[in-house]
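Take a look at the structure set out below.
Sequence positions, counted from 1, serve as the residue numbers for this chain.
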Amino acid sequence: MPPSTPSDAGEEGDIKATNGTGTFVDLNVGEEPQASPGGLLPLIAWKLKSEMRYMMEGMLFYSGSAVEKLKEIGIYDDVSKTSEMAFRSKNDDMLLIPSFTGLATPHYVSVPGLLYGISNAMTREDIVKALLESIAFRIAEIVEIMRKEFPYETDRIRCDGEMSSNDFFLQRIADVTGLKVERGAVLSGTSFGAHLVAGRALGKWKKDFCMPFDKVFEPSLDLSEKYRRWKRLLEISKKLKV
């Protein structure tokens, strides 16, 4: 499980998301452990000598793995093309529930995945767009719980992990959450963070040393109505039996 580290979530109220095969969204809650009635998991962020920090975490089991799954079934031959494909799509009606291995935070249920809005006009690009948006929507669900349960003011989410190389995906996270998204210059944030923690423990780094960021995505599109429709479809999928 990717840990939060002083490199990417160092201040109380900071939010970061590691987007790899799965996605882990972490909120730094400071020096005291917290509880979440909404389904977030309480964890230790890091411990350095007498310094202890706690975090709340929400997770998706299958995010980068879902992008790989579409490659396996022939939707595209190179995952690096998915951002460009999604930007080309003009379809705003197709929705996807990414329950490939069930839904983790905050649902913790196994439900059928759904693709809604197929037609004879649909394209591969539409499916890719629906998938990437659905993962951004799942992250938004977690961020909503964090903002509701913890009174921290933040205007950004920091992202690392290989899936964070996808510009369309990070732009949609910014659009649906209303927060700017900063992409780490080092996508392998877990190993980089471990390096910083080790250096901090040995007194090699300054306390405020931070991972550099190579691009910032500002909210630019109002996705509130589409997000509302997607959440309605999600609730239908949780009740669906055939």
Side-chain angles (χ1 to χ4, degrees), residues 8-9 11 13-20 23-27 58 60 63-64 66-67 70 75-76 78-98 115-117 121-148 150 152-187 189 210-234:
D8 48 29
E11 300 298 329
D14 282 354
I15 300 175
K16 59 94 69 172
T18 294
N19 299 298
T23 288
F24 301 85
V25 186
D26 299 324
L27 170 67
L60 288 67
S63 51
V67 177
L70 263 60
I75 301 296
Y76 38 79
D78 185 348
V79 296
S80 67
K81 297 178 181 179
T82 56
S83 179
E84 180 184 348
M85 291 177 71
F87 276 121
R88 286 202 303 265
S89 170
K90 304 302 181 185
N91 187 321
D92 283 323
D93 296 321
M94 186 173 287
L95 301 171
L96 189 149
I97 303 302
L115 181 63
Y116 173 85
M122 74 177 185
T123 66
R124 294 182 303 157
E125 286 80 4
D126 299 337
I127 297 172
V128 173
K129 177 181 178 180
L131 173 66
L132 294 177
E133 285 186 338
S134 73
I135 299 170
F137 291 161
R138 289 283 290 111
I139 291 172
E141 282 191 293
I142 294 168
V143 172
E144 277 186 347
I145 297 170
M146 291 175 170
R147 293 164 114 177
K148 178 180 178 181
F150 302 98
Y152 302 119
E153 294 293 333
T154 185
D155 64 350
R156 69 185 180 185
I157 302 174
R158 292 175 166 177
C159 289
D160 60 16
E162 291 302 319
M163 192 179 172
S164 295
S165 64
N166 191 301
D167 283 6
F168 180 88
F169 173 55
L170 294 197
Q171 183 60 57
R172 283 301 186 263
I173 296 174
D175 292 337
V176 71
T177 63
L179 301 173
K180 66 183 179 183
V181 173
E182 298 177 343
R183 177 166 61 204
V186 180
L187 292 182
C210 180
M211 177 191 289
F213 291 84
D214 75 343
K215 188 169 183 178
V216 177
F217 299 81
E218 299 279 355
S220 63
L221 183 67
D222 183 0
L223 285 182
S224 57
E225 175 59 22
K226 190 170 191 178
Y227 180 45
R228 184 196 65 78
R229 292 193 293 116
W230 178 86
K231 287 199 289 186
R232 183 179 177 188
L233 182 63
L234 177 61

Would you mind reporting whether Ile127 and Met85 have side-chain heavy atoms less than 4.5 Å apart?
-> no
What pairs with Phe137 under ring-ring contact (aromatic ring centres under 6.0 Å, His included), at least two apart in sequence or on another chain?
-> Tyr227, Trp230
Lys/Arg N to Asp/Glu carboxylate O, Lys180 vs Glu218, below 4.0 Å = no
Decide yes or no for Met94 and Met122: does some side-chain heavy atom of the first lie under 4.5 Å from some side-chain heavy atom of the second?
-> yes
Ile15 versus Asp26: any side-chain heavy-atom pair under 4.5 Å?
-> no
Could you go step by step and tell me if Asp126 and Lys90 meet the salt bridge (charged side-chain N to carboxylate O under 4.0 Å, His left out) rule?
-> CA-CA 7 Å; Asp126 299 337; Lys90 304 302 181 185; over 6 Å; no
With a 3.5 Å cut-off and no angle check, do the side chains of Ser80 and Asp78 form a donor-acceptor pair?
-> yes
Would you call Asp14 and Tyr152 a side-chain contact if the rule is heavy atoms closer than 4.5 Å?
-> no
Basic-acidic side-chain contact under 4.0 Å: Glu144, Arg147 | no
Under a 4.0 Å N-O cut-off, is there an ion pair linking Lys226 with Glu133?
-> yes
Please assess Asn19 against Thr23 for the test side chain to side chain donor-acceptor pair (under 3.5 Å), listing each intermediate value before the final yes or no.
-> CA-CA 4 Å; Asn19 299 298; Thr23 288; 2.9 Å; yes
Apply salt bridge (charged side-chain N to carboxylate O under 4.0 Å, His left out) to Arg172 and Asp175, showing your working.
-> CA-CA 5 Å; Arg172 283 301 186 263; Asp175 292 337; 3.2 Å; yes
Decide yes or no for Arg229 and Leu95: does some side-chain heavy atom of the first lie under 4.5 Å from some side-chain heavy atom of the second?
-> yes
Using a strict 4.0 Å threshold on nitrogen-to-oxygen distance, state whether Asp167 and Lys215 make a salt bridge.
-> yes
Mark yes when over 12 heavy atoms from residues, nucleotides or ligands other than Tyr116 sit less than 6.0 Å from its OH; otherwise mark no.
-> no
At what distance, to the nearest 0.5 angstrom, does CD of Gln171 lie from CZ of Arg183?
-> 10.5 Å
Do Leu233 and Leu96 have side chains that get closer than 4.5 Å, going by heavy atoms?
-> no
Take Leu170 and Ser164 through the side chain to side chain contact (heavy atoms under 4.5 Å, CB included) test and state the conclusion after the steps.
-> CA-CA 7 Å; Leu170 294 197; Ser164 295; 4.2 Å; yes
Pro98 versus Arg138, closest heavy-atom pair with distance | CG-CG, 3.9 Å
Identify the heavy atoms of Leu132 and Ala86 that sit nearest to each other, and give their distance.
-> CD1-CB, 3.9 Å
Over all heavy atoms of both residues, which pair between Cys159 and Val181 is shortest? Give the atoms and the distance, please.
-> SG-CG1, 3.7 Å
Quick one: are Arg124 and Leu70 in side-chain contact, heavy atoms under 4.5 Å?
-> no
Between Met146 and Val25, which heavy-atom pair has the shortest distance, and what is it?
-> CE-O, 3.3 Å
Distance col, row Ser83:OG vs Asn166:CG, nearest 0.5 angstrom, shows 4.5 Å
Is it true that a side-chain atom of Lys129 and a backbone atom of Asn91 form a donor plus acceptor pair closer than 3.5 Å?
-> yes
Set of side-chain hydrogen bond (donor to acceptor under 3.5 Å, both in side chains) partners for Arg88, sequence neighbours left out | Glu84, Glu125
Kindly indicate whether the side chain of Val67, heavy atoms from C-beta on, has any atom under 4.5 Å from the side chain of Thr82.
-> yes
Out of curiosity, Phe217 CZ to Phe168 CZ, how far, rounded to the nearest 0.5 Å?
-> 11.5 Å
